[in-house]
Participant: 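Structure below; questions to follow.
A, B, ... follow the sequence lines: proteins, then strands. Residue 1 opens every chain. These values consider heavy atoms only, across backbone and side chains, with no hydrogens, waters or symmetry-generated copies. Source: prediction; values computed, not measured.
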Protein chains: 2
Amino acid sequence: MTELEKGPTGRRRGRGARERILSASQQLFREQGINRTGMDQLCAAAEVSKRTAYQHFTGKDELVAEYLRRFDPSVLSGVFDRTDLTPRERLLAAFDMPPTTPLCPYIAAAVELHDPQHPASQYARDYKKAVAARLADTAREAGAADPEQLGEQLALLIDGAAARTRVLNADAFPTAAAIAAVLINNAIPATASDDGQREETPS
Amino acid sequence: MTELEKGPTGRRRGRGARERILSASQQLFREQGINRTGMDQLCAAAEVSKRTAYQHFTGKDELVAEYLRRFDPSVLSGVFDRTDLTPRERLLAAFDMPPTTPLCPYIAAAVELHDPQHPASQYARDYKKAVAARLADTAREAGAADPEQLGEQLALLIDGAAARTRVLNADAFPTAAAIAAVLINNAIPATASDDGQREETPS
DNA sequence: TGTTATGTACACCGCCCTGTGTGCTTACGG
DNA sequence: CCGTAAGCACACAGGGCGGTGTACATAACA
């Protein structure tokens with residue numbers, strides 16, 4: 001109890017500075033990028049003193065890493081956990097998030113930090129692999145011939161759409177979705193009533 | 001004559017400092033990124049005094065923009081100008097550059113600078129559009145049903161492979177090439193002897 | 001020869017960055 | 001009520017950054 005290391009449970013007595021810091025990180029790192037967001041500005045936005053911030057995080061690097069870990073629930077699980085869709089539809093639904101996600105923060109972090117050893121870069125790798133794995137799982141569920149390959153292909157499409165959207169300032173996800181549709185149709189050997197309702201029970 | 005603004009013709013009398021600066025930029029911006037490369041370090045690597053550098057470029061921004069303009073010949077034209085390949089093969093050849101191109105510098109610049117108004121960002125957009133246009137031209141030449149769409153799709157694949165290669169530290173271009181093959185086969189309505197030799201003379 | 005553009009060497013400025021040191025205030029829990 | 005930990009205000013250190021000022025060297029061309 002004496003330690004309690006202010007972990008995921010957050011403030012024990014205080015007024016929750018850690019949450020405000022991470023919340024401000026989400027906004028500022030996205031809007032301005034990591035390198036262009038100073039700790040001074042971040043603390044001001046979080047209404048937290050700089051001293052407090054450095055008591056919660058040993059440095060900016062740790063804060064960045066922790067910031068990246070706060071994305072899974074909002075982006076990833078929301079798509080794969082939908083049981084109202086067939087596996088095939090779930091694969092396509094991954095391309096239906098144009099308004100949010102200006103640029104996948106994992107790509108941005110990997111480029112901005114520019115150090116593969118940085119904890120945030122390592123986490124970005126893990127995350128990308130996890131996404132590909134979940135896509136592969138869903139592809140297998142949908143009856144794809146080579147689920148791993150299809151998962152990797154779809155993951156590449158998502159990253160391509162994200163990167164291209166950023167560079168061109170124009171939504172590229174529809175294009176990626178069109179490609180995904182082709183790939184899925186080619187990889188899944190003529191499933192039942194393809195995209196109408198749920199397919200036959202996967203036994 | 002009194003002005004001569006040391007333009008594209010380069011040094012008139014001097015010993016070519018401008019070229020050394022741009023050459024060092026190519027190396028350092030790629031290895032370390034733009035933001036992490038200071039003008040001091042860059043000038044040292046180019047064996048150029050800082051004063052000289054600022055006489056050739058009004059600021060780092062201009063240098064970055066000029067640095068990006070030095071990529072077209074090496075990456076782009078080398079693929080599209082090959083007359084020994086059929087248009088169809090040329091489309092696929094765009095994915096055959098794994099050793100070089102650690103990350104497309106245009107994507108990196110757009111992410112690092114993080115300002116769509118920055119001249120380098122604008123040029124990155126222009127370049128990406130130009131690549132898509134050339135791909136579309138080649139697709140049209142190959143007899144694709146919807147060349148614009150195929151060009152945009154292939155461009156997205158290239159960007160996706162570049163981004164994913166960077167984040168994962170693993171070559172993603174083979175995956176992109178596999179997708180490209182599928183798309184091309186689907187989009188080109190059974191051309192002649194598809195990938196054997198060159199197709200019918202383009203008039 | 002001298003002029004002029006080009007390049008050099010080096011110190012310097014002001015700014016912003018990450019990160020600390022110190023002392024003070026607040027609020028929760030016993 | 002008091003102790004203690006969480007948080008705060010503020011100033012400052014140390015360093016890298018982009019960019020400049022000054023004085024000097026060199027090479028081409030008239």
Participant: Between protein and nucleic acid, restricted to nucleotides 16-20 of chain D and to nitrogen or oxygen atoms under 3.5 Å apart, what atom pairs and distances do you find?
Facilitator:
{"residue": "D:dG18", "atom": "OP1", "partner": "B:Lys60", "partner atom": "NZ", "Å": "2.5"}
{"residue": "D:dG18", "atom": "OP2", "partner": "B:Met39", "partner atom": "N", "Å": "2.6"}
{"residue": "D:dG19", "atom": "OP2", "partner": "B:Tyr54", "partner atom": "OH", "Å": "3.3"}
{"residue": "D:dG19", "atom": "OP2", "partner": "B:Lys60", "partner atom": "N", "Å": "2.8"}
{"residue": "D:dG19", "atom": "N7", "partner": "B:Lys50", "partner atom": "NZ", "Å": "3.1"}
{"residue": "D:dG19", "atom": "O6", "partner": "B:Lys50", "partner atom": "NZ", "Å": "2.4"}

Participant: When the distance from CG of A:Leu42 to C1' of C:dC17 is rounded to whole Å, what number comes out?
Facilitator: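 Roughly 13 Å, once rounded to whole Å.
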Participant: Who are the salt bridge (charged side-chain N to carboxylate O under 4.0 Å, His left out) partners of B:Glu152, not counting sequence neighbours?
Facilitator: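 Per chain and number, B:Glu152 pairs via salt bridge (charged side-chain N to carboxylate O under 4.0 Å, His left out) with A:Arg164.
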Participant: Think A:His56 has a side-chain N or O under 4.0 angstrom from the OP1 or OP2 of D:dA6?
Facilitator: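 Negative; the distance criterion is not met.
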Participant: Going by salt bridge (charged side-chain N to carboxylate O under 4.0 Å, His left out), name the residues that satisfy it together with B:Glu31, two or more places apart in sequence or in a different chain.
Facilitator: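 B:Glu31: no salt bridge (charged side-chain N to carboxylate O under 4.0 Å, His left out) contacts found.
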Participant: Atom CZ of B:Arg20 to atom C1' of C:dG7: distance rounded to whole Å?
Facilitator: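 Spelled out: CZ on B:Arg20 to C1' on C:dG7 is 9 Å.
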Participant: Name all pairs fulfilling the ring pair (Phe, Tyr, Trp, His ring centres under 6.0 Å) condition that reach into residues 22-51 of chain A, sequence neighbours left out, sorted by first residue then second.
Facilitator: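 Output for this query lists A:Phe29-A:Tyr67.
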Participant: Taking side-chain contact (heavy atoms from CB on, under 4.5 Å) as the definition, give me every residue that meets it alongside A:Glu112, ordered by chain and number, with sequence neighbours left out.
Facilitator: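 Listed in chain order: A:Ile34, A:Asn35, B:Val111.
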Participant: What are the residues of residues 108-120 of chain A, sorted by number, that bring a heavy atom to within less than 4.0 Å of DNA chain C?
Facilitator: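 Under 4.0 Å from DNA chain C: no residue of residues 108-120 of chain A.
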Participant: Does anything in residues 134-168 of chain A form a ring pair (Phe, Tyr, Trp, His ring centres under 6.0 Å)? List the pairs, not counting sequence neighbours.
Facilitator: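 Pairs touching residues 134-168 of chain A that pass the test: none.
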Participant: List for me each residue that meets salt bridge (charged side-chain N to carboxylate O under 4.0 Å, His left out) alongside B:Glu62, sequence neighbours excluded, and say none if there are none.
Facilitator: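 Checked B:Glu62 against salt bridge (charged side-chain N to carboxylate O under 4.0 Å, His left out); zero matches.
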Participant: Could you give the side-chain donor-acceptor pairs of residues 114-121 of chain B under 3.5 Å, partners two or more places apart or in another chain?
Facilitator:
{"residue": "B:His114", "atom": "ND1", "partner": "A:Gln32", "partner atom": "O", "Å": "3.4"}
{"residue": "B:His114", "atom": "NE2", "partner": "A:Gly33", "partner atom": "N", "Å": "3.4"}
{"residue": "B:His114", "atom": "NE2", "partner": "A:Arg166", "partner atom": "NH2", "Å": "3.1"}
{"residue": "B:Asp115", "atom": "OD1", "partner": "B:Gln117", "partner atom": "N", "Å": "3.0"}
{"residue": "B:His118", "atom": "ND1", "partner": "B:Ala120", "partner atom": "N", "Å": "2.9"}
{"residue": "B:His118", "atom": "NE2", "partner": "B:Asp61", "partner atom": "OD1", "Å": "3.0"}
{"residue": "B:Ser121", "atom": "OG", "partner": "B:Asp115", "partner atom": "O", "Å": "2.9"}

Participant: Please check the phosphate of D:dA9 (OP1 and OP2 only) for any side-chain N or O of A:Ser49 closer than 4.0 Å.
Facilitator: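 No, A:Ser49 has no side-chain N/O under 4.0 Å of OP1/OP2 on D:dA9.
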Participant: So which of B:Ile179, B:Asn185, B:Asn186 actually passes side-chain contact (heavy atoms from CB on, under 4.5 Å) with A:Val182?
Facilitator: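 Output: one option passes, namely B:Asn186.
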Participant: Taking atom C1' of C:dT22 as reference, at what distance in whole Å does atom CD of A:Gln55 sit?
Facilitator: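 From A:Gln55 CD to C:dT22 C1': 12 Å.
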